[in-house]
Amino acid sequence: MDETLPVIGISMGDPAGIGPEIAAKALALRSVYDYCRPLVVGDGAAMEQGARIAGAKLKVRRIQEVSQARFEYGTMDVIDLGNVDMAELRHGRVSAMAGNAAFQAVKKVIELALADEIDATVTGPINKESMNTAGHHFTGHTEIYAHFTHTRDYTMMLAEGSLRVVHVTTHCSLRQACDLVKKDRVLAVIKLAHQGMKSFGIEKP
C-alpha cells in the first residue's frame, strides 16, 4: 500500500439502486489502487449484495474507522453504518430506509473530509424522492455538500476531457430557472468556475 496516495471516500448511494454495484465494479479494477486508496462508506450488507450482483470478486471488510482500512486490492473496505434492513430492501423501489441510508453515507463522507481523515469524496447515485421521504429535504448532492460545509456560493461543474460545464441553476423547474438566470448570478458562476479550474491546476482557464 502506497501511503502517499490520496484516501478517497466513496458514498454507497441508494442501496435500492445501482450505487453499491457501481462501487463494487470500480473497486474490482486493480488500476484504481494505482492512483488512490479507496474506502466505501455505507451499509456493509448492502455492499456485499452489490458486489454479488455485479459479479465482482471482492471480499467486503466491514470497519468503523478510516484508520482500520487496509486498502488492499481484492478487499473492499467499508465503513459500515449498519442502517439497511436487507429483509426490507426492495430494489427499484422508493423507500425512506433506502433514502436515509444514502443520505447518511453522504453526510459521513463529508464529515470525514472535514476532519481531514480522507482527502476527497466520490458519491454514488441517490434517489431524491427516497431521500425526501426519509425527511432529508435536499434537492441533490450539491445542496447537501453546501449545507454541511457551510458554503454560500457554489455551483456544480461537469467535466469530460478538456471540457468543463458549470450550471447557473441546478435542480429546479424550467420556469424557476428562467427567473434565476440574472446577470449577477451568471457573473458569480463564471467567477466560481474560474476559481475552480485554477484550483485544478489550469493556469489560464
Side-chain angles (χ1 to χ4, degrees), residues 6 8-23 25-26 36 38-42 50 81 83 91-115 118-202 204-205:
I8 308 297
I10 305 164
S11 65
M12 168 183 72
D14 192 304
I18 60 173
E21 296 162 52
I22 291 173
K25 290 196 83 166
C36 74
L39 171 68
V40 176
V41 175
L81 302 182
N83 53 9
H91 284 261
R93 300 284 181 86
V94 170
S95 79
M97 178 185 68
N100 180 61
F103 174 81
Q104 296 300 335
V106 176
K107 183 172 179 282
K108 182 66 173 179
V109 293
I110 293 171
E111 290 170 352
L112 292 173
L114 291 174
I118 61 176
D119 299 298
T121 69
V122 173
T123 56
I126 59 176
N127 183 303
K128 293 162 192 172
E129 186 179 352
S130 288
M131 185 175 68
N132 279 269
T133 299
H136 307 298
H137 299 295
F138 294 92
T139 53
H141 281 114
T142 309
E143 292 74 18
I144 298 172
Y145 272 75
H147 176 78
F148 286 109
T149 60
H150 308 291
T151 302
R152 187 172 60 89
D153 296 321
Y154 59 90
T155 188
M156 181 190 302
M157 178 181 286
L158 307 180
E160 170 60 30
S162 62
L163 178 67
R164 302 289 187 277
V165 177
V166 290
H167 296 198
V168 174
T169 66
T170 54
H171 305 129
C172 65
S173 70
L174 181 57
R175 174 64 270 166
Q176 290 173 303
C178 291
D179 292 336
L180 291 169
V181 178
K182 304 296 184 187
K183 183 164 63 176
D184 288 348
R185 174 60 182 165
V186 173
L187 179 59
V189 170
I190 290 170
K191 289 179 177 178
L192 286 169
H194 184 82
Q195 292 165 6
M197 290 189 285
K198 292 276 280 187
S199 73
F200 296 151
I202 299 172
K204 295 181 179 180

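Numbering starts at 1 and runs along the sequence shown.
Residues in residues 181-199 take part in no side-chain hydrogen bond (donor to acceptor under 3.5 Å, both in side chains) pair, two or more places apart or across chains.
With sequence neighbours left out, H147 forms a ring-ring contact (aromatic ring centres under 6.0 Å, His included) with F138.
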- Message: Test side-chain contact (heavy atoms from CB on, under 4.5 Å) on N100 and H136; report intermediate values, then the result.
- Response: CA-CA 8 Å; N100 180 61; H136 307 298; 2.8 Å; yes

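At a threshold of 4.5 Å between non-hydrogen side-chain atoms, the residues M156 and H141 do not count as touching. Residues T169 and Q176 form no side-chain contact, since every pair of their non-hydrogen atoms from C-beta on lies 4.5 Å or further apart. For the pair R164 and I202, the minimum side-chain heavy-atom distance is below 4.5 Å. T170 is listed as a side-chain neighbour of E143, based on a closest heavy-atom distance under 4.5 Å.
Note that the OG atom of S95 and the CE atom of M131 stand 13.0 Å from one another [nearest 0.5 Å]. Rounding to the nearest 0.5 angstrom, the gap separating the CG atom in D179 from the OG atom in S173 is 8.0 Å. Rounding to the nearest 0.5 Å places OH of Y145 at 11.5 Å from OG1 of T151. Atom-to-atom distance recorded for R175:CZ and L180:CG is 9.5 Å, nearest 0.5 angstrom. Annotation: the span from L81 atom CG to S11 atom OG amounts to 10.5 Å, rounded to 0.5 Å. Atoms CG and CD1, on L39 and I8 in that order, are 10.0 Å from each other to the nearest 0.5 Å.
Minimum interatomic distance between P20 and D14 (heavy atoms only, all atoms of both residues): CD-O, 3.6 Å. Residues R93 and A16 share a closest heavy-atom pair of O-CB, 3.8 Å. Here the closest non-hydrogen pair linking A113 and T121 is CB-CG2, 4.0 Å. N132 and K128 make their closest contact through ND2-O, 2.7 Å (heavy atoms, listed as atom of the first residue, atom of the second, distance). Closest approach of D153 to L192, counting heavy atoms only: O-CD2, 3.8 Å. When all heavy atoms of V41 and A105 are compared, the closest pair comes out as O-CB, 3.4 Å.
Annotation for E111: atom CD counts as buried by contact number, over 12 foreign heavy atoms lying within 6.0 Å.
Although no hydrogens or angles enter the test, the distance criterion places no donor-acceptor pair under 3.5 Å between the side chain of E21 and the main chain of I18.
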